[in-house]
Protein chains: 2
Amino acid sequence: MSERDFVSAAEVAKRAGVSRSAVSRAFTPGASVSESTRQRVLQAAEELGYQVNHLARGLMRNESGIVCLVVSEVATPYRSALLRELTQQLQIAGKVAMLVNTDRSDGSVDRALQQAIRYRADGSIILSGLPDKSITQLCLRNGQRLVLINRDDDQPGPLRINLNDDEAAGRVVTAFVRAGCTKLAFANSEAGTPSLMAREAGFIAAAKAHGLDVIVERYGWTGYEAGRVVAQRLLTRSERPDAVFCATDLMACGFMDEARHQFSLSIPDQLCVVGFDDIEQASWASYNLTTFAQPVAAIARSAVSWLTGDPSSSGLDGQSVKLHAELVWRGSVRGG
Amino acid sequence: MSERDFVSAAEVAKRAGVSRSAVSRAFTPGASVSESTRQRVLQAAEELGYQVNHLARGLMRNESGIVCLVVSEVATPYRSALLRELTQQLQIAGKVAMLVNTDRSDGSVDRALQQAIRYRADGSIILSGLPDKSITQLCLRNGQRLVLINRDDDQPGPLRINLNDDEAAGRVVTAFVRAGCTKLAFANSEAGTPSLMAREAGFIAAAKAHGLDVIVERYGWTGYEAGRVVAQRLLTRSERPDAVFCATDLMACGFMDEARHQFSLSIPDQLCVVGFDDIEQASWASYNLTTFAQPVAAIARSAVSWLTGDPSSSGLDGQSVKLHAELVWRGSVRGG
DNA sequence: GCAGCATTTGCACACGCTTGCAAAAGCGCT
DNA sequence: AGCGCTTTTGCAAGCGTGTGCAAATGCTGC
């Protein structure tokens, strides 16, 4: 019972009365087989419960059909939404997703990519962290395609997908100004990833263009708790902000909860809030948060289509895609 | 550049001045190699950037190290938390997770399991839906191990992990009664999965034991929106419930938001609410929901340890594990 | 019936690895 | 040195598949 005994193409061949190559071809789209034998093979396969061994196929073809997803904090709303989108797109493209968790430790992403190489993945998509240069080289040298999402690394080779973070941040300032806010604050985390810093920089720059200063507070790792702590700090200042741009929806949720339940502030009357990501909770009645929608579907589509694309047509090298984050107006800013 | 050209064990062998078998053994824990040659091989491998080809290894050993996770609605808080736990445990156990999305369509789970077989996965863990009997047979016949989480199927073979849903539901009734509630309601979805139905049945039974009736309302698929709709229906009844047990935290969040923002009810003063799952949002200040914590870590541990366990010791057959959902007291019920 | 051609089929090798088996090497002892 | 024993090593046979190549088959038009 415990012994693993899969049915092989040879057995199917015998049952169908054809050669083993025939059954191989019957399962290879576009191969040279007559319709009659193809049917006979398929029938025999069905009866025996045969399934092509993708390990062996991958060994021969030198491409496994596996795409490795490297991600930390999978359980976070934005990450899991992106993950859903990616796996769906991959399945549609006939690939299969391999999921590798990373933590904050240094070699974590590198180990994930090693796994990818060991399974001869056709490519890897990195949602968190950055790979070491050496391992990136190793991947590329092996014909592994790499996609970096929202991690701006400047080495050539990988496809880099990013958003217009700074421009988006600029639009927040005009929204705040139009709402009559004057004391702007930015709630960031200490993670310091390029996209977070771009939002901060863009916000500050646009504020300066309006002649406004920005109070910046950073704490923790872009989660709900971090938002509460930052709120705690910002709202106890002598000069209390009347508008906050949070680097992340999760932080915005924490911020709003703290503002309401600990400081009894009313949103948007006394405080305007804008977030980023448009996670599901942003649309919940308790938050009703105006925020920027990450185009997760578009991100996934371009990642997958580049991974599965023809190498000659798309070019394996140093692409950079910039996508647009759309502002979703809800009720956390006055006068939407 | 586009050609995939991995370095093979043969090249490592040549560089290290040993036979190909030696390098194979150097990478196989517990194989018979002298420490000196092992070091030489490892060094050569390092220099060449060699990574064992797990496709070929899996082909030989007839076990790939892949475990397939079959799940729908990955982006849901409870699902993604379970997913995080599972992938972590799998990585610790030296396995790697393959993620397959399913939708509500019928053959969806079956297709996922076919993928698993094609990649000769060592086992599959099913978080959503139920496989067809025939495909289950196929899996088991192939020595694929199967784990079903919260899906009570009674066919022998797979490991079935469940919670004490009905007993838990009973404790909700005593909590409501102690809070002085008399008009009980149960907010369910139309999904009709065994665990949801067990919660409903357990709740009704315990209420009856207290001489109380329960109004049941079912709508949609256990999400936030479903919770709002059910609230809409329940709270417009002539005899408005003063206590609601929601089949799911997500539904509870929707329910609470609707109750507060559309019906201006105060929780827990006018309405007590209990949920199930203990998703992260349940602990957010806006909800502060008393609910049952799914022991996701324990679930993942038992699933993985059974999958990776010695077949002779654990026995491949018909295990059933029942785990305990712990009540987490927060502020959505009076008198916690 | 046969030449000429397109289509289909089978053979055999390759892919990169593991592992049983027997030969070789090391080692402690007389 | 020689024996018996354990450890290490290399050989070669697989694992299940894809695919180039040549042989075989089918088809068309005379």
Side-chain angles (χ1 to χ4, degrees), chain A residues 3-42 44-45 48-66 94 117-122 142-143, chain B residues 3-42 44-45 48-66 115 117-122 142-143:
Chain A
E3 266 322 302
R4 313 194 71 187
D5 179 34
F6 294 91
V7 23
S8 76
E11 309 176 42
V12 177
K14 190 159 59 175
R15 178 166 194 124
V18 295
S19 81
R20 208 187 44 70
S21 345
V23 12
S24 176
R25 285 191 250 257
F27 283 98
T28 305
S32 166
V33 204
S34 75
E35 189 53 30
S36 69
T37 58
R38 215 183 83 93
Q39 285 307 328
R40 221 152 14 120
V41 168
L42 258 47
L48 270 57
Y50 169 76
Q51 297 288 130
V52 181
N53 186 334
H54 272 52
L55 300 181
R57 168 178 284 185
L59 185 55
M60 263 303 296
R61 292 219 183 128
N62 211 4
E63 82 177 39
S64 58
I66 296 175
I117 295 183
R118 287 202 268 263
Y119 280 97
R120 299 304 189 256
D122 300 343
N142 288 338
Chain B
E3 266 322 301
R4 313 193 72 184
D5 179 35
F6 295 92
V7 23
S8 76
E11 307 174 44
V12 177
K14 189 159 59 177
R15 179 167 192 123
V18 295
S19 78
R20 216 194 20 259
S21 347
V23 11
S24 176
R25 285 191 251 258
F27 283 98
T28 305
S32 166
V33 204
S34 74
E35 190 54 29
S36 70
T37 58
R38 215 183 84 93
Q39 287 305 330
R40 223 155 10 122
V41 169
L42 257 48
L48 270 58
Y50 169 74
Q51 297 288 131
V52 181
N53 186 332
H54 273 51
L55 300 181
R57 168 177 281 186
L59 186 55
M60 264 304 296
R61 295 219 181 128
N62 212 3
E63 81 178 39
S64 58
I66 296 175
Q115 277 291 350
I117 294 183
R118 287 202 267 263
Y119 280 97
R120 297 306 188 253
D122 299 344
N142 288 339

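Residue numbers begin at 1 in each chain, while the letters A, B, ... track the order of the sequences.
- Here the CG atom belonging to B:Leu55 is positioned 7.5 Å from the CD1 atom belonging to B:Ile66, to the nearest 0.5 angstrom.
- A close approach under 4.0 Å does occur between a side-chain nitrogen or oxygen of B:Tyr50 and OP1 or OP2 of C:dC17.
- The side-chain contact (heavy atoms from CB on, under 4.5 Å) check on A:Glu11 picks up A:Val7, A:Ser8, A:Leu48, with sequence neighbours excluded.
- In summary, contact between chain B and DNA chain D, defined as any nucleotide atom under 4.0 Å from a heavy atom of the protein, begins and ends at D:dT8 to D:dG16 in the 5' to 3' direction.
- Of the residues in residues 57-65 of chain B, B:Leu59, B:Met60 come within less than 4.0 Å of DNA chain D through at least one heavy atom, sorted by number.
- The two residues A:Gln51 and B:Arg118 have their closest heavy-atom pair at NE2-NH1, 2.8 Å.
- Every residue meeting the side-chain hydrogen bond (donor to acceptor under 3.5 Å, both in side chains) condition with B:Ser34, not counting sequence neighbours, appears here in chain and number order: B:Ser36, B:Thr37.
- Residues B:Arg57 and B:Thr28 have side chains in contact (heavy-atom distance under 4.5 Å, counting atoms from C-beta outward).
- Here A:Arg38 pairs with A:Glu35 under the salt bridge (charged side-chain N to carboxylate O under 4.0 Å, His left out) rule; sequence neighbours left out.
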Below 3.5 Å is the cut-off: list the nitrogen or oxygen pairs between protein and nucleotides 7-10 of chain C, distance only.
unit_1 : atom_1 : unit_2  : atom_2 : d
C:dT9  : OP1    : A:Ser34 : OG     : 3.3
C:dT9  : OP1    : A:Thr37 : OG1    : 3.4
C:dT9  : OP2    : A:Ser34 : N      : 3.2
C:dT9  : OP2    : A:Thr37 : OG1    : 3.3
C:dG10 : OP2    : A:Ser19 : N      : 2.9
C:dG10 : OP2    : A:Ser19 : OG     : 3.0
C:dG10 : N7     : A:Arg25 : NH2    : 2.8
C:dG10 : O6     : A:Arg25 : NH2    : 2.8

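- Nearest-nucleotide positions on DNA chain D place B:Ala56 closer to the 5' end than the other of A:Ser24 and B:Ala56.
- In this structure a side-chain-to-backbone donor-acceptor pair under 3.5 Å is present from B:Arg120 to B:Ile117.
- Within the structure, salt bridge (Lys or Arg N to Asp or Glu O under 4.0 Å) contacts touching residues 22-32 of chain A (residues at least two apart or in different chains) do not occur.
- Checked against side-chain hydrogen bond (donor to acceptor under 3.5 Å, both in side chains), B:Arg15 has the following partners two or more places apart in sequence or in another chain: B:Glu47.
- Checked against salt bridge (charged side-chain N to carboxylate O under 4.0 Å, His left out), B:Arg40 has no partners two or more places apart in sequence or in another chain.
- With hydrogens and angles ignored, the 3.5 Å screen pairs no side-chain donor or acceptor of B:Tyr119 with any backbone N or O of B:Ser64.
- An angle of 30°, rounded to 10°, separates the two end axes of the helix from C:dG1-D:dC30 to C:dT30-D:dA1, each defined over five pairs.
- Checked against ring pair (Phe, Tyr, Trp, His ring centres under 6.0 Å), A:Phe6 has no partners two or more places apart in sequence or in another chain.
- Per the geometry, OH belonging to A:Tyr119 stands 14 Å off P belonging to C:dC17, to the nearest Å.
- With sequence neighbours left out, A:Asp122 forms a side-chain hydrogen bond (donor to acceptor under 3.5 Å, both in side chains) with A:Lys95, B:Arg4.
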